[in-house]
Amino acid sequence: KQEVTQIPAALSVPEGENLVLNCSFTDSAIYNLQWFRQDPGKGLTSLLLIQSSQREQTSGRLNASLDKSSGRSTLYIAASQPGDSATYLCAVNSGTGTASKLTFGTGTRLQVTL
Amino acid sequence: KAGVTQTPRYLIKTRGQQVTLSCSPISGHRSVSWYQQTPGQGLQFLFEYFSETQRNKGNFPGRFSGRQFSNSRSEMNVSTLELGDSALYLCASSLGWETYNEQFFGPGTRLTVL
């Protein structure tokens with residue numbers, strides 16, 4: 001059974017700081033890994049998708065890496081801003097055949113202070 | 001391109017009642033997945049539909065069911081509601097042809113069971 005863990009559970013940083021969020025998973029047989037952002041009471045916004053054959057993906061100030069063999073992914077946020085405050089979730093896709101099934105971590109709650 | 005839409009956004013029901021939630025995927029997407037999010041259990045996979053067929057199922061009781069229509073819109077039904085069914089229900093759509101397709105989430109339906 002796939003299990004996904006995110007560390008830390010909560011993080012508070014001053015504006016402008018670079019930060020790293022961690023995600024680990026127990027079964028390396030994954031198709032891809034997605035990082036999402038969730039604002040309070042809202043749905044999920046997809047940030048980055050890394051396919052199992054890829055090592056990293058970048059979008060603006062965000063960079064995500066994937067080490068499938070060790071079951072780890074990191075999300076790097078450069079020059080953090082107060083608008084980055086949200087809960088960040090990683091999810092691994094370990095479906096079967098053509099069927100998708102995302103297993104989510106419990107998230108990292110990020111607060112960026114002025 | 002319009003995103004994933006879910007209706008209604010908020011629902012209040014009493015124990016024993018049943019409820020139907022609706023999800024309209026992104027145009028051209030054939031796969032719709034449903035997830036339950038609670039503070040205690042986090043995000044958990046309910047089921048996935050592709051071309052009107054349930055392709056994958058999570059570990060939820062039979063009170064939770066779904067269906068998909070020929071236009072890819074999906075409905076989820078919960079019968080005999082329990083207090084523990086109070087949650088944010090999220091649906092996600094993807095092209096669905098390959099397991100590695102990116103998932104896009106809707107804003108969710110907040111269900112409160114009294």
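A, B, ... follow the sequence lines: proteins, then strands. Residue 1 opens every chain.
- Contact annotation for A/L89: only side-chain heavy atoms (C-beta onward) come within less than 4.5 Å of a heavy atom of chain B.
- Put simply, of B/G42, B/P107, B/S33, the one with the most heavy-atom pairs under 4.5 Å next to chain A is B/P107.
- Comparing B/F104, B/Y35, B/F47 by how many heavy-atom pairs each has under 4.5 Å with chain A, the most go to B/Y35.
- In terms of hydrophobic clustering, with Ile, Leu, Val, Met, Phe, Trp and Tyr side chains grouped at heavy-atom distances under 4.5 Å, A/W35 and A/Y76 are assigned to different clusters.
- Under the 30°/60° scheme for interplanar angles, the aromatic rings of A/F36 and A/F104 are found to be tilted.
- More than 12 heavy atoms of other residues, nucleotides or ligands shown are found within 6.0 angstrom of CZ on B/R9.
- A 6.0 Å sphere centred on CZ of B/R73 holds more than 12 heavy atoms belonging to other residues, nucleotides or ligands.
- Geometrically, B/R110 does not engage B/Y10 in a cation-pi contact defined by less than 6.0 Å to the ring centre and at most 45° from the axis.
- For B/Q6, no part lies under 4.5 angstrom from a heavy atom of chain A.
- Options B/L88, B/L90, B/L43 differ in how many heavy-atom pairs under 4.5 Å they form with chain A, and the most are formed by B/L43.
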